[in-house]
Q: 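Sharing a structure here in structure tokens format.
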Amino acid sequence: MSGLEGIRVLELGELVSAPFAGKLLADLGADVVKVEHSGGDCARRRGPFPGDIPHLEKSGTFLTLNTNKRGIELDLASRAGQREFRRLLTGADILVHNFTPRKVEAFALEFDTLQPLRPSLVMCSITPFGMTGPYRDYRAEEITL
């Protein structure tokens, strides 16, 4: 065994930060499962596209950030989606997400809620201004990033 083989990662997130973290872990051998909502990661709608023809399965941005991963579609707002996510979590070692603190609360994804399901869980929350504190709900813009 080399690198991160044998490590299972669940990735929740869109665009760049969480998918890039997941990509690095996958490139190092981890089994990364990307969880997308029914509309798919919005990176699928970002170019470049071959021939400049937009297509959800041909976004250079999405494909670059999601190599070496497996994927699943789950509606975390539904009971069935929550149930399936929690089932997947019991076999995961790491959870990476870039959800806002409000979305984390809405989907009951706080570490204190999930950790009892998987006591050894390592969780990485990528947010512009943290999960707590007076700036937690501030949106990030390009200049701050």
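In this text the structure is predicted, and so the values were computed from the model without any measurement.
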Q: I'd like to know if the side chain of Glu36 reaches the main chain of Asp41, judged simply by a donor and an acceptor atom lying under 3.5 Å from each other, with no hydrogens or angles considered.
A: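 At least one qualifying donor-acceptor pair exists.
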Q: For residues 119-134, pull every pair meeting side-chain hydrogen bond (donor to acceptor under 3.5 Å, both in side chains), keeping only residues two or more places apart or in separate chains.
A: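 Qualifying pairs, neighbours excluded: His97-Ser125.
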Q: Could you tell me whether the side chain of Lys69 reaches within less than 4.5 Å of the side chain of Pro19, counting heavy atoms only?
A: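 In contact.
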Q: Does a side-chain N-to-carboxylate-O contact under 4.0 Å join Glu105 and Arg136?
A: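 Looking at Glu105 and Arg136, the cut-off is met.
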Q: Test side-chain contact (heavy atoms from CB on, under 4.5 Å) on Gln115 and Met123; report intermediate values, then the result.
A: CA-CA 9 Å; Gln115 197 261 341; Met123 185 168 166; over 6 Å; no
Q: Just so I know, are the side chains of Glu57 and Arg44 near enough to count as touching, which here means a heavy-atom distance under 4.5 Å?
A: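 Yes; the side chains approach each other to less than 4.5 Å.
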Q: Quick one: CZ on Arg86 to CG on Leu109, what's the gap to the nearest 0.5 Å?
A: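 It is 6.5 Å, given to the nearest 0.5 Å.
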Q: With a 4.5 Å cut-off on side-chain heavy-atom distances among I, L, V, M, F, W and Y, is there a chain of contacts connecting Val96 to Leu89?
A: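 Result: no, two separate clusters.
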Q: Quick check: is Leu117 connected to Phe107 through a chain of hydrophobic side chains (ILVMFWY, heavy atoms under 4.5 Å apart)?
A: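 Linked, Phe107 and Leu117 end up in one cluster.
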Q: Does the salt bridge (charged side-chain N to carboxylate O under 4.0 Å, His left out) test come out yes or no for Arg87 and Glu84, once each step is laid out?
A: CA-CA 5 Å; Arg87 187 191 68 74; Glu84 182 61 17; 2.5 Å; yes
Q: State whether the number of non-hydrogen atoms from other residues, nucleotides or ligands found under 6.0 Å of Arg46 atom CZ is greater than 12.
A: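 No, because the 6.0 Å sphere around CZ of Arg46 holds 12 heavy atoms or fewer from other groups.
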Q: Which heavy atom in Leu114 sits nearest to a heavy atom in Ala108, and how many Å separate them?
A: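 Scanning both residues, the minimum pair turns out to be CD2-O, 3.9 Å.
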Q: Give me the atom names and distance for the closest heavy-atom approach of Phe111 to Pro116.
A: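 Shortest heavy-atom contact: O-CD, 4.4 Å.
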Q: Please walk me through it: do Val33 and Arg8 pass side-chain contact (heavy atoms from CB on, under 4.5 Å)?
A: CA-CA 8 Å; Val33 178; Arg8 164 96 27 104; 4.2 Å; yes
Q: Would you name the heavy atoms of Gly130 and Pro101 that are closest together and state the gap between them?
A: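 Closest approach of Gly130 to Pro101, heavy atoms only: O-CG, 3.7 Å.
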Q: To check you understand the geometry: which heavy-atom pair defines the closest contact between Arg118 and Ala92, and what is its length?
A: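 Heavy atoms of Arg118 and Ala92 come nearest at NE-O, 2.6 Å.
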Q: In the structure I gave you, are the side-chain heavy atoms of Leu65 and Val16 within less than 4.5 Å of one another anywhere?
A: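 They are in contact (side-chain heavy atoms under 4.5 Å apart), so the answer is yes.
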Q: Hydrophobic clustering (ILVMFWY, side-chain heavy atoms < 4.5 Å, transitive) - are Leu10 and Val32 grouped together?
A: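 In one cluster with Val32: Leu10, no.
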Q: Can you measure from CG (Asp93) to CD1 (Ile7) and round to the nearest 0.5 angstrom?
A: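 With rounding to 0.5 Å, CG (Asp93) is 4.5 Å from CD1 (Ile7).
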Q: Please round to the nearest 0.5 Å and tell me the distance separating atom OG1 of Thr61 and atom CZ of Arg45.
A: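 Those atoms lie 13.0 Å apart.
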Q: Would you say Ile94 and Leu4 are hydrophobically clustered, going by side-chain heavy atoms of ILVMFWY under 4.5 Å?
A: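 Same cluster.
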Q: Could you check whether any side-chain heavy atom of Gln82 comes within less than 4.5 Å of a side-chain heavy atom of Leu76, counting everything from C-beta outward?
A: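 The answer is yes; the side chains approach within 4.5 Å.
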Q: Say you draw a straight line from CD of Glu11 to CG of Asn98; how long is it, rounded to the nearest 0.5 Å?
A: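 Going from CD on Glu11 over to CG on Asn98, the span is 8.0 Å.
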Q: State, to 0.1 Å, how close Phe129 and Tyr135 come at their nearest heavy-atom pair, and which atoms those are.
A: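 Closest approach of Phe129 to Tyr135, heavy atoms only: CB-O, 3.3 Å.
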Q: Calculate, to the nearest 0.5 Å, the distance between atoms OG1 and CZ belonging to Thr64 and Phe20 respectively.
A: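 One finds 10.5 Å between OG1 of Thr64 and CZ of Phe20.
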Q: Considering all heavy atoms of both residues, which atom of Glu110 and which atom of Val104 are nearest to each other, and what is their separation?
A: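 Closest approach of Glu110 to Val104: N-CG1, 3.7 Å.
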Q: Which distance, rounded to the nearest 0.5 Å, do you find between the NZ of Lys34 and the CG of Leu12?
A: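 Atom-to-atom, Lys34:NZ and Leu12:CG are 9.0 Å apart.
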Q: Determine whether Val122 and Val9 fall in the same hydrophobic cluster, where Ile, Leu, Val, Met, Phe, Trp and Tyr are linked whenever their side-chain heavy atoms lie under 4.5 Å apart.
A: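 Cluster IDs for Val122 and Val9 match.
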